[in-house]
Participant: 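Take a look at this one; I'll ask things after.
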There are 2 protein chains.
Amino acid sequence: MRHTYHDIECCAAKVALDQISGKWKPIIIFHLSAGPRRFSELWREIPRVSKKVMLEQLRQLEAATLVERTVHNGFPPEVTYHLSGKGQQLAPILQQLEQWALTHIEGVVQIS
Amino acid sequence: MRHTYHDIECCAAKVALDQISGKWKPIIIFHLSAGPRRFSELWREIPRVSKKVMLEQLRQLEAATLVERTVHNGFPPEVTYHLSGKGQQLAPILQQLEQWALTHIEGVVQIS
DNA sequence: CGGTATCCTTAGGGATACTG
DNA sequence: CAGTATCCCTAAGGATACCG
């Protein structure tokens with residue numbers, strides 16, 4: 001992702017948001033923050049995404065070094081994804097955002 | 001914006017992010033967090049957006065009750081936009097996101 | 001199982017001109 | 001000044017089938 005002069009000058013938050021925006025990225029991060037997942041697990045936990053799009057989102061998160069990918073040798077193939085340090089440091093901020101949503105956005109309720 | 005069952009169940013943060021996602025919304029919030037702005041001011045501060053899109057983004061922020069719009073009578077017309085309480089409470093979270101970007105994202109530097 | 005390859009659809013955004 | 005009205009176009013996402 002290229003950042004324009006204007007983005008960088010005005011609003012580093014925008015640059016951050018760009019890295020986690022995308023229809024499924026926050027949900028992926030949410031699930032990975034509970035621990036590593038193999039591709040198929042993650043895919044089962046997030047229904048309604050096509051495999052292709054799921055992969056795209058993961059690749060973008062990798063490119064932003066928010067998520068890391070591990071290939072375990074053997075058959076059948078096993079690949080796991082987990083949050084990087086950078087990704088983990090994002091988690092508390094997302095939790096605050098979550099809290100903000102819970103207090104301000106109608107119809108958003110916590111499901112422990 | 002409708003939220004799916006899945007969004008609400010899994011990730012209130014996603015719902016929050018939806019309200020501030022959009023190509024220009026973070027930048028608009030950034031500028032408004034420094035105080036109210038009339039439309040033309042804001043538009044001058046954010047070059048490269050078309051007036052139409054700028055309006056759309058503002059309308060969406062209004063719909064999410066992040067931004068409020070005040071019409072001052074007189075001629076020429078004067079309309080100002082400012083952050084609502086909800087919007088102001090978002091500011092510190094965005095600042096943390098900003099800090100996170102500054103420490104983790106290459107090429108993002110602070111311009112006091 | 002994890003991943004490509006194809007093809008298709010749409011919403012988001014951009015350019016420009018016009019109006020009260 | 002603030003706001004519509006048109007028209008256009010591309011990137012993001014979706015469906016489906018196939019591969020090692």
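Labels below follow one simple rule: chain letters A, B, ... track the order of the sequence lines, proteins then strands, and each chain is numbered from 1.
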Participant: Find which nucleotide of DNA chain D each of A:Lys25 and A:Phe75 is nearest to by heavy atoms, and output the residue with the more 5' nucleotide.
Facilitator: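 Counting from the 5' end, the first nearest nucleotide belongs to A:Lys25.
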
Participant: Check every strand shown and say whether A:Pro76 touches a base, only sugar-phosphate, or nothing at a heavy-atom separation below 4.0 Å.
Facilitator: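 The answer is sugar-phosphate, as A:Pro76 gets under 4.0 Å only of primed atoms, P, OP1 or OP2.
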
Participant: Between C1' on D:dT4 and CG on B:Leu55, what's the gap in Å once rounded to a whole number?
Facilitator: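 Rounded to the whole Å, the gap is 9 Å.
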
Participant: Among C:dG13, D:dG14, C:dG20, find the nucleotide with the atom closest to the side chain of A:Trp24.
Facilitator: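 Nearest listed nucleotide: D:dG14.
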
Participant: State, with a plain yes or no, whether a side-chain heavy atom of B:Tyr81 is found less than 4.5 Å away from one of B:Glu62.
Facilitator: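 SC-SC contact between B:Tyr81 and B:Glu62 confirmed.
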
Participant: Just checking B:Glu41: base, sugar-phosphate only, or nothing, at a heavy-atom cut-off of under 4.0 Å?
Facilitator: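 Answer is nothing: B:Glu41 stays at 4.0 Å or more from every strand.
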
Participant: Among D:dA2, C:dA15, D:dT16, find the nucleotide with the atom closest to the side chain of B:Ser50.
Facilitator: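 Of all the options, the side chain of B:Ser50 is nearest to C:dA15.
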
Participant: B:Gln60 near the nucleic acid: base, sugar-phosphate alone, or nothing, with a heavy-atom cut-off under 4.0 Å?
Facilitator: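 No contact at all - B:Gln60 keeps every heavy atom at 4.0 Å or more from the nucleic acid.
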
Participant: Please determine whether any donor N or O and acceptor N or O are separated by less than 3.5 Å between the side chain of A:Lys52 and the base of C:dG3.
Facilitator: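 Result: no qualifying N/O pair found.
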
Participant: Examine the base of D:dG13 for any acceptor or donor lying under 3.5 Å from a partner atom in the side chain of A:Lys23, and report the outcome as yes or no.
Facilitator: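 Flag unset: no donor-acceptor pair detected.
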
Participant: How long is the line joining CZ of A:Arg48 and P of D:dA12, in whole Å?
Facilitator: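 In whole Å, D:dA12 P lies 21 Å from A:Arg48 CZ.
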
Participant: Is there a donor-acceptor contact under 3.5 Å linking the side chains of A:Lys86 and A:Gln19?
Facilitator: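 Judged by distance alone, the side chains do pair up.
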
Participant: Contact class for A:Val79 vs. all strands (heavy atom < 4.0 Å): base, sugar-phosphate, or nothing?
Facilitator: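 Since only primed, P, OP1 and OP2 atoms lie under 4.0 Å of A:Val79, the category is sugar-phosphate.
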
